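Whatever order the structure lists ligands and atoms in, that order sets their numbers, starting from 1. Predicted model only: the values in this text are computed from it and were never measured.
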Amino acid sequence: MGKTLVVSLIICALSVILWAMKALYTIWWTPKKLERALRKQGIKGPAYKLFFGNMKENFGMVKEARSKSMNLSHNIAPHILPFALQTVEKYAFGSSFEEGRRIFQLQTEQAELAIQAIQSVYIPGSRFLPTKRNTRMKEIDKEVRVLLTDIIHKREQATKVGESTNGDLLGLMMESNFKEIKENNGSKKLGMSLHEIIEECKLFYFAGQETTSTLLVWTMVALSMHPEWQVLAREEVLQIFEQRAPEFDELTHLKIVPMILYEVLRLYPPLVLLTRRTDKEMKLGKIILPAGVRVALPILFIHHDREIWGEDVDQFNPERFRKGVSNATKNQVSFFPFGWGPRICIGQDFAMVEAKMALTMILQHFSFKLSPTYAHAPCTVITIQPQYGAQIILRKI
Ligand code: HEM
């Protein structure tokens, strides 16, 4: 008993030391290393300032918006999320909403538990303890795997007997995997493993629903706050489609709706930050970054940078996108809600089509305005969310 206690204490002490070393490395040594490297290149100042600009001002903007608590009646956010999921399910997995509902519920619960874990005090190694939350997270992970494995196995059988993928993403992924294995004489080393396919599916669930529903929720909030743009968008939609459902090809005729969506993505980018780690010395513009440095690309801050966007940076002004994104950004990389470079969001066109389609149909059938109970309080919970909900009053037209 005494021996076990000593061993446990030693393990605990070692993990605390390791954790402290890691924290020191991340918050002190790496920025110092970066600063030294930058100083040699004639760039002076603390590393965080060099890369984030005036953080205080930017954080202030988000904090200021967090105000009093409100009641959640008419909150549209929970209704938009299942819509986005249904779309991802249908086009990414081809399965019906009902079939995927269990996975959706589980993934939602998993995201909530992950947020709770992120927001609680970090104790090194605590994720291995059999706490209620950890146990539930493991159970969820297991159940999601079983459900997805089932969908994948059914698809595998269908692909083997030459059934069509119907062009959905999972089918295409498996078809190409199957082809690669076949071309290499059945060697499974080259194709994706079941584990990899499951991880891709899970990524699609997270990447494809929360982001697009966030875009739609903020678009409805913005159009409620700016009824003049709501009127313009509705006029355009009714002129092109009248009351009928839009066809995919016709969506390119929309001009005002994409301007609105871009402006919403600028003001409320669903993902506020991207991070990268340099694995070797790298040149970033005129700056040389040493290896092992974590670089944050603060999408939200850059989208709200007065120097880039001008004095009306905090205003909702879709007009700035009238001549397209390159014109609005003067060809700089200052608007990147979907990321940039090789890891750019693969679902961006899909998301834009989905948002245009959904917004068109909402505008055709409803006019909407903010409920007096709405409090404007954007806050970051993985994606940027209205902290007290998005209470909107819809009127059938
Ligand atoms: C408004 C909607 C969306 C926004 C704002 C958004 C934004 C992003 C961003 C910022 C990234 C990270 C890029 C990086 O790390 O550089 C990303 C990655 C990704 N997104 Fe989206 N996304 C949206 C919708 C979607 C949809 C609808 C899907 C799928 C149907 C999707 C699938 C993915 C995937 C699979 C990745 C990972 C790509 C990779 O690592 O190579 N996203 N997205």
Side-chain angles (χ1 to χ4, degrees), residues 77 80-95 97 100 103-104 107 111 148 151 165-174 176-177 192 196-222 248 251 257-279 282 284 294-303 321 325 333-359 378 380-386 390:
I80 300 271
L81 194 64
F83 156 77
L85 174 90
Q86 196 173 358
T87 320
V88 173
E89 278 260 324
K90 199 165 167 208
Y91 294 100
F93 304 110
S95 53
F97 180 50
I103 300 179
F104 166 58
Q107 294 285 77
L148 281 172
I151 297 182
T165 58
N166 294 326
D168 67 57
L169 273 161
L170 177 63
L172 289 171
M173 193 157 69
M174 293 185 62
S176 107
N177 201 28
M192 286 165 88
E196 283 166 336
I197 296 180
I198 290 176
E199 287 307 311
E200 287 296 315
C201 290
K202 280 165 65 186
L203 177 64
F204 269 100
Y205 265 101
F206 278 122
Q209 44 159 320
E210 184 84 17
T211 45
T212 317
S213 65
T214 303
L215 166 62
L216 279 169
V217 167
W218 284 116
T219 304
M220 289 191 67
V221 170
F248 172 77
L251 290 172
V257 168
M259 280 161 58
I260 291 172
L261 292 174
Y262 286 142
E263 183 64 344
V264 172
L265 284 168
R266 182 185 73 81
L267 285 169
Y268 310 98
L271 297 174
V272 295
L273 185 84
L274 295 178
T275 53
R276 294 287 187 272
R277 189 175 176 275
T278 53
D279 58 350
M282 312 205 87
L284 189 71
R294 270 178 207 279
V295 185
L297 302 159
I299 305 179
L300 181 72
F301 295 173
I302 293 169
H303 285 189
F321 285 103
V325 172
V333 186
S334 47
F335 177 73
F336 54 107
F338 295 102
W340 205 264
R343 303 308 296 243
I344 197 163
C345 172
I346 55 166
Q348 62 169 318
D349 291 342
F350 185 90
M352 286 305 282
V353 166
E354 184 183 345
K356 282 183 206 168
M357 193 75 94
L359 191 58
T380 313
V381 190
I382 302 185
T383 51
I384 192 161
Q385 293 294 332

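- Summarising the local packing, OH of Tyr262 is surrounded by 12 or fewer heavy atoms from other residues, nucleotides or ligands at distances under 6.0 Å.
- Here the side chain of Arg294 pairs no donor or acceptor atom with the backbone of Arg277 at under 3.5 angstrom.
- By the criterion of a heavy-atom distance under 4.0 Å, the side chain of Phe350, and not its backbone, is placed next to ligand 1.
- Of all atoms in ligand 1, listed by their number and element, those nearer than 4.0 Å to a heavy atom of Pro270 are 5 (C).
- Once rounded to the nearest 0.5 Å, the distance linking CG of Leu216 with CG of Leu261 reads 7.5 Å.
- In this structure, of Glu354, Arg343, Met352, the residue bringing a heavy atom nearest to atom 39 (C) of ligand 1 is Arg343.
- For the pair Ile302/Phe335, no side-chain contact is recorded, criterion being any heavy-atom separation below 4.5 Å from C-beta on.
- Looking at Cys345, Pro269, Gly341 and measuring to atom 22 (N) of ligand 1, the nearest heavy atom belongs to Cys345.
- Near Ala351, with a cut-off below 4.0 Å to any heavy atom, the atoms of ligand 1 are 2 (C), 24 (C).
- Here the side chains of Leu273 and Leu300 are not in contact, with every heavy-atom distance at 4.5 Å or above.
- Atom CD1 of Ile299 is separated from atom OG of Ser334 by 12.5 Å, given to the nearest 0.5 angstrom.
- Close approach of ligand 1 to Ile346 (heavy-atom distance below 4.0 Å) involves ligand atoms 34 (C), 35 (C).
- Checked against a 3.5 angstrom limit, the closest N/O atoms of Arg276 and ligand 1 fall inside it.
- Judged by the shortest distance from any of its heavy atoms, Glu200 lies outside the 4.0 Å radius around the atoms of ligand 1.
- Counting heavy atoms under 4.0 Å from ligand 1, residue Thr214 does not touch it at all.
- The Gly339 neighbourhood of ligand 1 comprises atoms 10 (C), with distances under 4.0 Å to a heavy atom of that residue.
- Here the CD-OG1 distance, from Glu354 to Thr211, works out to 8.0 Å after rounding to the nearest 0.5 Å.
- Contacts with ligand 1 closer than 4.0 Å are made by no heavy atom of Glu210, backbone or side chain.
- Which parts of ligand 1 touch Pro337 is read off a 4.0 Å heavy-atom cut-off, strictly below it: atoms 5 (C), 7 (C), 10 (C).
- With hydrogens and angles ignored, the 3.5 Å screen pairs a side-chain donor or acceptor of His303 with a backbone N or O of Phe336.
- In the model, Glu210 has a side-chain atom that pairs as donor or acceptor with a side-chain atom of Gln385 under 3.5 Å.
- Heavy-atom proximity to Leu271, at under 4.0 Å, picks out these atoms of ligand 1: 7 (C), 8 (C), 9 (C), 10 (C).
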